Amino acid sequence: MTRNVPEKPGLEGLEEKWDSHWESEGTFRFDRSKTREEIFAIDTPPPTVSGSLHMGSVFGYVQTDSVARYRRMSGKEVFYPMGWDDNGLPTERRVQNFYGVRCDPSLPYDPDFAPPSEPPDPPVSISRRNFIALCHGLTAEDEKVFEHLWRTLGLSVDWTQSYATIDDHSQRTSQKAFLANLERGEAYTQDAPVLWDVDFKTAVAQAELEDRERPGTYHRVAFHRPDGEKVFIETTRPELVCSCVALVAHPDDDRYQGLFGSSVTSPLFGVELPVVAHELAEPDKGSGIAMICTWGDTTDVTWWRELDLPTRAVIQQNGRFQAEVPEWIESEAGKAVYEQIAGRYPNQVRKTMAELLEASGDLEGELKQVSHPVKFYEKGDRPLEIVSSRQWYIRNGGREDDLRKKLLELGERLDWVPDFMGVRFKHWVEGLNGDWLISRQRFFGVPIPVWYHLDDQGIPDYDRVITPNEGSLPVDPTSQAPPGFSEEQRGQPGGFLGDRDIMDTWATSSLTPQIAGHWDDDPDLFERVFPMDIRPQGPEIIRTWLFSTLLRSYYEHDQLPWNHATINGWILDPDRKKMSKSIGNVVTPIPLIEEYGSEAVRYWACNGRPGTDTAVDFGVMKIGRRLAVKILNASRFALGFGGDDADPEAITEPIDRSMLAGLIDVVERATTALEKFDYARALEVAEASFWSWTDDYLELVKGRAYGEGGDAASAHSALQLSLSVYLRLFAPFLPFVTEEVWSWWRQGSVHRSSWPSPEEFDGLTGDGRILEVTSDVLTAVRRAKSDAKTSMRTGVASLQVSGAQEDLDAVKAAEGDLLEAARGTSVDYGTGEFDVVVELEDA
RNA sequence: GGGCCCUUAGCUCAGCCCGGCUAGAGCGCUUGCUCGACACGCAAGAGGUCACUGGUUCAAGUCCAGUAGGGCCCACCA
C-alpha cells in the first residue's frame, strides 16, 4: 500500500483526531457475540463526578486502560464500560454550594423554580423534588466534562455502555438486589443507636468513619455515695452527666470492689445510678471508673447493650440537647440545672457544666488538656454523636462469625495485585463490629423501596414491611403508593407509610458488575461478562467499594465478582505530600494535558508501579513526551525509503537478524509482565529496547539503508518489521502516536492488531551478540570522538578491536555497517581482552 | 495499641519474589556535536559505604532478626 509519511510529524492534535476516528469506527465497541472465555471484563470504578478533576483519577484509569488495550490486542474482546457515581452526598453538597440552595422536604414542589444566578447567602430552601432536579442537571454537566477528559486521555472504553449510579437502570438493579437481600433475611431494619452526623442529619456507616485527633479536657467529676463519700470519674464529656446511666469499673479492680452493686447519685442532677463491673473498663485509664452515658461513644453502646442499662438519650438528631427536662431528672435542683442546658449544643453545654460543677464543688483539681481520637464522618466537620434511630442494615459478617469466615475465604481466593493489598481486606473484615448501615436520611439517591403498614392509630408497624412488585422498579415510596393501596391511604390509620430514606451510595455502587453487566434485564449479556476479570481501584476504598461488591456478589451469586483486584497506589503532590483540598495542593490534569500532551500524562501514570504511591512528576511527563516525539521521528526514518512493504525473505544481513533476535526477548518480557498486570515493567522493557534501537541499530544501518540493492532491502524490511513490533508494544501506553504512525502504512487500527509474539520472527533471527558487540565498538568510537571534542563526522584513521574470537566474529559480521557509522575504512582484529583502540583522522 | 508499605546517585525511581560478573534508568549537572528521522535533538562523562546493627551463606542491595526515620490503614472518644 501507499505510504503517507509526513515531512514534519508532530504530536499536536492527535488526541482529537484519533478520538473521533475511534468513535466513528467503533474501534472499542464491545462485541457481545463472544463467549465468556473470549471476553476480558473490567469492572471500572465509576468516578464521583461531583468532585473536582484530580490527578488521582487519571492515574488509576490510565493504568487500567493500558491493561485493557493489551488484552484487546492479545485477542480478548474487552468489556470496558464507564460509569458515573453521581448519587449521594457529594452531589448534594456540590448542588448546595453551586446554586446556594438547601433541601427542605416539607416544602411543596415548585414547577417554576429556577436556581438563583448567584448563590445567595443564606441559601434558599427548596422542595425535595426541585432539589433532586438540580442534582440531575448538574451531574449531567459534570459527566460531560469527565467524558471529555477520559476521551482526551484515550481511555478505550465503550462509551455506549455508560451508566450512572442514579439512572433508572441502576436504581432498578439496586432496589432489586435490596429486595432480594430482604427476602432472604440479609437486610433488616432496627431501631438502635447509630453514629450520627448532626450537620448532614444522617446516620453513617462504619466504613465512612475516620478518627481525627482532637484536643479534649479531662474533668475530674465527683459522684456521690449515700454516705456522702465521693467517687471521682474522669471525663472529656461532662455535658453528658445528665444522660449517665451507671458507673463502671473493671471487675478485678480492687479500688472499686466495695462499690459494685451499690448506687451513687450524679452531681447536680441527683439521679441514682448503679455501679457495675465490666472487663472493658480499663483500670489505668483516668481514675479507672467511668460513667456510662447513652451514648457518648461506642463503648457506651456496648456497655448499655451488654449490661442491659436504661436509655437516657438527650442529644437529638439536630445535635442539640432536647428542650424538655428528661423525666429521669426528678429533683427540682436537677431540673433547674437542665433548664440551663436545654436546646444547646454539646460544646456549649460542656463549658456550662464545667462551671456548674465547679460551683457545686463537684469538679476537682485542675482541668487536664489531652489530645485524643474523636470519630468523624469522613465528609463531616463536627464530631459524630450517637443517637437512637430506625435504620436499615445489610448483614456483613460484623455480627456473624460464619459469614465473616466465608467472606474472608472469598478474599483469600481473590488474586490481589499487588498481593499485600489483600491484607487490608482481611483486617477490615476481621475488624467489622456491626452490620452495614445502608439507610441515609438524605435526598439524592436510590430510595429504600419499602412501605410500612399503619395500624388503627396510624402508628407504623415496622415489622409489616410492604414491598413493591419487581415490575414496578424503580419506585419512590414517598411519591408512589404500594401495591394494593391508593395514594389517599398514605399516612392514614390502616393505610401505609413510605420509607423516606435513601440508600448509602455504596449500596448501589456495590452492584457495578450487575449494573454494567445488566443482571436484571439482559441475562445473556450477564453470563458473558460475569464474574468479571478485574476490579481496578484505589487502596482507600477496599473497605467500602471492594468489600461491599464482594458481599453483594456472594449474596446474589455465591461467588467472587471478579478474579483479580488490581489496586493502584496513592497520588502525591510534586513534593510527595498527600493531595487534599484543604491543603490546596491538588493538581488538576487538564492544564498538564495541555502542556505536555496526553501521551506524556499517560506515560507518567504507567510509570507508577502497581500499588505504589506515586508523586506527580513533571520531569517524567517530559520524558514521556520525548518518547512520543522520538517514535514519530524514528518511524519517519524507518518508513522513509519508499519501496516495498516488509518482506521477511529479504532480511538477510546478520546484524538485521541479530536485532530481531533481541526483539524476541523484549516481546517475551513485556508479555510476561502484562500478563501479571505489571504494565510499568512492560513499558520499561519496551522503552529501554526502543532507545537502543534508535541510538545504535538505526545509526548502524543508516548508511546501508540509504543505498540500494539487496543489503539495503534487508535493512528496509527489518526496520519495518521491528517498527511494527515497537508500535504494538507501545500501543497500550501511547495510543495516539502509535495509531498515528500505524496509519502511515497500515490498514486498520493498531489497537485491533495482534499483540506481537515470538512466532512472528520464525526463521528471521540470527545471533543476538552481533548487534550487542558492534554497538559496544561504536560506543567506543563515539567516546574517542567525544574525548577529542570533535564532531561525530570525524573520520577514523584506524580501528583496532580486541576480544574473544566469538566477539570478533560478531563484529566482522557487521563490519560494513560499523565502518560506515564510525566513518572508518578498515578494522584490525586481535584476540585478547575486549578492547577498542581508535585513532582519529586530523580534523 | 495492632498491621502493611517504604528507606538505593543531588532529585524521581527500577532492581529484592527466584542471592552470583565492574549496582541500573531518567532528570539535573559537566564536556562536546547544526552528520540526509529527530535542537521537543545527538554523543560522551562525572556522581552511590544500596538507612543502621547483627545473622545465614563460598557469596547479601537481594534472605532472616532487630533498630531508626517516613508514609498509609485499622483500633473502645471514659
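Keep in mind that this is a model prediction, so the values were computed, not measured.
For a distance-only test at 3.5 Å, the side chain of A/Lys630 qualifies as a donor-acceptor partner of the base of B/C38.
No contact: A/Glu430 has no heavy atom under 4.0 Å from any strand. Nucleic acid contact for A/Ala281: base, since at least one base atom lies under 4.0 Å from a heavy atom of the residue. Residue A/Ser287 is out of contact with every strand shown, counting any heavy-atom pair closer than 4.0 Å. A/Arg782 comes within contact range of the sugar-phosphate backbone alone, with a heavy-atom separation under 4.0 Å but no base atom that close. Within 4.0 Å (heavy atoms only), A/Thr236 reaches sugar-phosphate atoms of the nucleic acid but no base atom. Backbone-only engagement by A/Arg543 is indicated by non-hydrogen atom pairs under 4.0 Å involving sugar-phosphate atoms exclusively. Using a 4.0 Å heavy-atom criterion, one finds that A/Val423 contacts the sugar-phosphate atoms exclusively. No contact: A/Leu639 has no heavy atom under 4.0 Å from any strand. At a threshold of 4.0 angstrom between heavy atoms, the contacts of A/Trp691 are confined to the sugar-phosphate backbone, with no base atom among them. If you check every strand for non-hydrogen atoms under 4.0 Å, A/Arg793 touches a base. Base contact: A/Glu699 has a heavy atom under 4.0 Å from a base atom. As judged by a 4.0 angstrom heavy-atom cut-off over every strand, A/Asn607 is placed among residues making no nucleic acid contact. Among the protein residues, A/Ser635 comes within range of no part of the nucleic acid, since none of its heavy atoms lies under 4.0 Å from any strand. Residue contacts shown for A/Lys676 are absent, as no nucleic acid heavy atom lies under 4.0 Å away.
For A/Arg681, counting side-chain heavy atoms from C-beta on, the closest listed nucleotide (B/C35, B/C76, B/G15) is B/G15. Nearest nucleotide to the A/Phe420 side chain, out of B/C35, B/A14, B/C4: B/C4.
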Report each atom pair, protein N/O against N/O of nucleotides 19-30 of chain B, whose distance is under 3.5 angstrom.
| from | atom 1 | to | atom 2 | distance (Å) |
| --- | --- | --- | --- | --- |
| B/C27 | OP1 | A/Arg626 | NH2 | 3.3 |

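For the pair A/Leu432 CG and B/C73 C1', the computed distance is 14 Å after rounding to whole Å. Rounded to a whole Å, the CZ atom of A/Arg424 is 15 Å from the C1' atom of B/G2. One can place CZ of A/Arg783 at 9 Å from C1' of B/G45, the figure rounded to the nearest angstrom. One can place CG of A/Leu627 at 16 Å from C1' of B/C42, the figure rounded to the nearest angstrom. A straight line from NZ of A/Lys285 to P of B/A75 spans 14 Å, rounded to a whole angstrom. A straight line from CG of A/Leu572 to C1' of B/C5 spans 13 Å, rounded to a whole angstrom. If you measure from atom NZ of A/Lys789 to atom C1' of B/C42, you get 17 Å, rounded to the nearest angstrom.
Judged by closest nucleotide on RNA chain B, A/Lys8 is the one of A/Leu384 and A/Lys8 placed further toward the 5' end. Nearer the 5' end of RNA chain B, as judged by each residue's closest nucleotide, is the contact made by A/Ala638, out of A/Val374 and A/Ala638.
Taking atom C1' in both B/G47 and B/G1, one finds a spacing of 44 Å when rounded to whole Å. For the P atoms, the distance from B/C73 to B/C17 is 29 Å, rounded to whole Å.
In summary, the side chains of A/Trp693 and A/Ser722 do present a donor paired with an acceptor at a separation below 3.5 Å, with no hydrogens or angles considered. Side chains of A/Trp506 and A/Glu208: no donor on one and acceptor on the other come within 3.5 Å.
Looking at residues two or more places apart in sequence or on another chain, you find a side chain to side chain contact (heavy atoms under 4.5 Å, CB included) between A/Thr217 and A/His219, A/Leu367, A/Gln369.
Scanning all heavy atoms of the two residues, the minimum distance from A/Val314 to A/Ser243 falls at CG2-CB, 4.0 Å.
At a threshold of 4.5 Å between non-hydrogen side-chain atoms, the residues A/Leu247 and A/Ile233 count as touching.
A side chain to side chain donor-acceptor pair (under 3.5 Å) with A/Tyr697 is found for one member of A/Asp656, A/Thr774, A/Asp817 and no other, namely A/Asp656.
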For this session: Decide yes or no on salt bridge (charged side-chain N to carboxylate O under 4.0 Å, His left out) for A/Glu684 and A/Arg609, but give the supporting numbers first.
Result: CA-CA 11 Å; A/Glu684 185 189 34; A/Arg609 253 62 195 176; 3.0 Å; yes
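A/Phe425 and A/Trp416 have tilted rings, their planes meeting at an angle from 30° to 60° on a 0 to 90° scale.
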